Protein chains: 2
Amino acid sequence: MPAIIDRDPVLIAVSTGGTSPALARRVRAWIEAALPSRLGDLARALDSARPTVNHALAAAPVRRRFWDAILDGPIAARILRGDADGGNRVLEQLAAPDGGRTAGVVHIVGAGPGDPDLLTLKALRLLQQADVVIHDRLVGEAILSLARRDAARICVGKAKGAHSWSQAGINALLVHRARDGQRVVRLKGGDPNLFGRVGEEVAHLRDHGIEAEVVPGITAATAAASAAGFPLSHRGIASSVCYVTGHGADDGEPDVDWAAAARPGQTVAVYMGLSRIAAITERLLANGLDPATPAAIVESASLPTERRFLTSVAALPAVARAHRLTGPALVIVGEVVRLAAAVRPQTTAARCPSPPRAVGIVS
Amino acid sequence: MPAIIDRDPVLIAVSTGGTSPALARRVRAWIEAALPSRLGDLARALDSARPTVNHALAAAPVRRRFWDAILDGPIAARILRGDADGGNRVLEQLAAPDGGRTAGVVHIVGAGPGDPDLLTLKALRLLQQADVVIHDRLVGEAILSLARRDAARICVGKAKGAHSWSQAGINALLVHRARDGQRVVRLKGGDPNLFGRVGEEVAHLRDHGIEAEVVPGITAATAAASAAGFPLSHRGIASSVCYVTGHGADDGEPDVDWAAAARPGQTVAVYMGLSRIAAITERLLANGLDPATPAAIVESASLPTERRFLTSVAALPAVARAHRLTGPALVIVGEVVRLAAAVRPQTTAARCPSPPRAVGIVS
């Protein structure tokens, strides 16, 4: 009996000829991950437009080119994103003078904390469809290698001593590539909606008549908490979870309300705070936070190089110094950290079940 | 006639139910690209080792874990790279000290906001490996159907008028199934680390010697922000993003510091706050929040039934009443909401790229 992937009316059957049910399940999983969830909607939309297209385009090769242009173009992409009016859009296209070419779309995609396994299915698919991937420095090779081999890759991240792109330069690049008709993925570490400076890029694209869609990603704070073995909220301990940025514009003081962050009964996750950890600790303590409040530092959460440290707020600067923490790190402060400390001390790190390995789709 | 992908003995057939030959060709190309070229070699290697493995591992769940470990591990990767001696490598693994057996593990997995496309690759894989999926009521069929057909599904969520599981009952169920040697996925909507009550379940499992791993998911707040077209943080507007719960134990007042939530310069996302929206609005205003602060309600973010409303804090209760909002909804308060309002007024809703269904924008 074959394994079935059902995107009604599209059906895909996988058979291993009885050699391995486990492999059949795995192949089914790979295909599920690779195919858009709304594939059935696309099939129905094409079907509904078919009689009219057949009538209008009598020659089979012309028809075939028309359908391929639809499938390669923005209409199919739109239907797969949930446009319920797909059939009519196909017919509009039939009447359009340009034959399907419209302004491009830029997908601003969250790459998650680093482990390719924590990409969303949507991120993976967009990455595999992209003609060009414009990415930050922190997005690693394990994720970038999931793009098509013939896709262009442009790193626009800041690296010490290397040429660094200005935000204006990145904005112009996005517009240029999208207008060129390319499928552009702007790939950002973590979740673009959280400290990803996505607002500037979205506004610039929209000002230039280009659609921008933001695909959320797994943010580093929750990956760090999972890795360290505590939740971010917990009834009776933390009913609020606050994410704050640890550095402001030009690496200066961020515009964070440290008095609010120092209140008890919540969890505070500080992004990009490691280089200013002494100042941040001082602000929290000056605003009345108990120095014994539990705190965690998780460096390179979800990556093979991940390191986790459970300590107290007062000791954060000393821990960061002692272990020479320099990678991207999350600092999490709050009583929830204690939920991990009891059961998962640093010494058990080696047997923690974090993902050792790569991703579902093999090439 | 279906399109065929042939990796003998693995055969994959694609049918679009006659709706679109062009789409069938396209899907075939996608699958061809996604599948390893030596998939047939892998199937043959597993098949050659099968009689010996069946003999050595009599219990079906143990056997299943063994095969999954092979497929997840270096042996499968090696065969796919061209190792001709695959069958023998599988048998060597059988003779290894742990024989492919692992202690019971419960994976507590975030299902994300609802769109299956926003599952992580890891969540999908664990779901497809699970012998039993224990899920909340809010996890939809589109996601549950990604589990194996022969996996048991147990809904432990609260539904009005229906039998409802206590937390103690859920805890006991998790331990029982894991001790039974089953691969247990505890599937929760959104991100288990945020208001997912994951702490209780993890503690109970650990107390009973069972490993618990939490797989983070996309939380509703970021899916809601993406759908509505604004980021959660924005330089100069919001350097902090706070998630709070809108209801406490037994549907009572949550233990939230509303004075902190009412401070300007941040974004506040209220989970499960719709039924108490009048009281929450009152708290925020009583603590000095400007009544004109922009606010959004996003119901069923990322699902086909999604509805979005952009308004002001003061008008939140009236909007919720007027549109009879009763589904799961996120309330987001802060100046970032204005970034959507400026560029995405009612009139342009039709050409918005993200889920275009039933857009309701009130301002």
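A quick note: this is a predicted structure, and the numbers were derived from the prediction, not measured. We name chains A, B, ... by the order of the sequence lines, and we start the count at 1 in each one.
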**Asked** Looking at B:L124 and A:A29, what are the two nearest heavy atoms and their distance?
**Response** CD2-O, 3.7 Å

**Asked** Do B:L118 and A:K122 touch side chain to side chain, with heavy atoms closer than 4.5 Å?
**Response** yes

**Engaged part of B:Y271 at the chain A interface, taking heavy atoms whose separation is under 4.5 Å** = neither

**Residue among A:T219, A:T120, A:D257 with most heavy-atom pairs under 4.5 Å to chain B** = A:T120

**Fill in**
With chain A, the option among B:R64, B:Q128, B:R7 that has the most non-hydrogen atom pairs under 4.5 Å is B:Q128

**Asked** Highest number of heavy-atom pairs under 4.5 Å with chain B: which of A:S20, A:G17, A:A225?
**Response** A:S20

**Complete:** Counting heavy-atom pairs under 4.5 Å with chain A, the top scorer among B:R44, B:R63, B:E200 is B:E200

**Asked** If you count heavy-atom pairs under 4.5 Å between each of B:L46, B:L42, B:D8, B:L23 and chain A, which one has the most?
**Response** B:L23

**Item:** Contacting moiety of B:L232, where chain A heavy atoms sit under 4.5 Å
**Value:** both

**Request:** Under 4.5 Å, counting heavy-atom pairs only, tell me which of B:V215, B:L146, B:V336 racks up the most with chain A.
**Result:** B:L146

**Prompt:** Just by distance, with hydrogens left out, do A:S226 and B:N193 show a side-chain donor and acceptor under 3.5 Å apart?
**Reply:** yes

**Message:** I'd like to know which of A:D47, A:L121, A:T245 tops the heavy-atom pair count under 4.5 Å against chain B.
**Reply:** A:L121

**Residue-level interface, residues 260-270 of chain A with chain B, non-hydrogen cut-off under 4.5 Å** = A:A260, A:R263

**Message:** Using a 4.5 angstrom heavy-atom cutoff, name the option from B:I12, B:D191, B:V214, B:I31 with the most pairs to chain A.
**Reply:** B:I12

**Fill in**
In short, B:D115 meets A:S37 closest at the heavy-atom pair OD1-OG, 3.9 Å

**Side chain proximity check, A:R25 to B:D68, heavy atoms < 4.5 angstrom** = yes

**Complete:** dist A:W30:CH2 -> B:L39:CG (nearest 0.5 Å) comes out at 6.0 Å

**Message:** Side chains of B:L194 and A:V241, heavy atoms from C-beta outward: is any pair under 4.5 Å?
**Reply:** yes

**Prompt:** Highest number of heavy-atom pairs under 4.5 Å with chain B: which of A:L71, A:V244, A:V198?
**Reply:** A:L71

**Complete:** Answer key: most heavy-atom pairs under 4.5 Å with chain B among A:I70, A:I4, A:I237 is A:I4

**For the student: nearest non-hydrogen atoms of B:G18 and A:R50, plus distance** = O-NH1, 2.6 Å

**Message:** Testing the basics here: between B:A22 and A:W67, what is the closest heavy-atom pair and its distance to 0.1 Å?
**Reply:** CB-CB, 3.6 Å

**Request:** Kindly indicate whether the side chain of A:L35, heavy atoms from C-beta on, has any atom under 4.5 Å from the side chain of B:V27.
**Result:** yes

**Message:** If I measure from the heavy atoms of chain A, does B:R148 come under 4.5 Å with its side chain, its backbone, both, or neither?
**Reply:** both

**Request:** Over all heavy atoms of both residues, which pair between A:G217 and B:I218 is shortest? Give the atoms and the distance, please.
**Result:** C-CD1, 3.3 Å

**Message:** What's the separation between atom CD in A:E253 and atom OG in B:S239, rounded to the nearest 0.5 Å?
**Reply:** 10.5 Å

**Message:** Just so I understand: if I count every heavy-atom pair under 4.5 Å between each of B:A221, B:S240, B:G110, B:A223 and chain A, which residue has the most?
**Reply:** B:S240

**Message:** Do A:R38 and B:D117 make a side-chain contact, defined as non-hydrogen atoms from C-beta onward lying under 4.5 Å apart?
**Reply:** no

**Message:** Can you tell me which portion of B:P113 sits under 4.5 Å from chain A's heavy atoms? Options are side chain, backbone, both or neither.
**Reply:** neither

**Request:** Please indicate whether B:D255 has more than 12 foreign heavy atoms, meaning atoms of other residues, nucleotides or ligands, lying under 6.0 Å from its CG.
**Result:** no

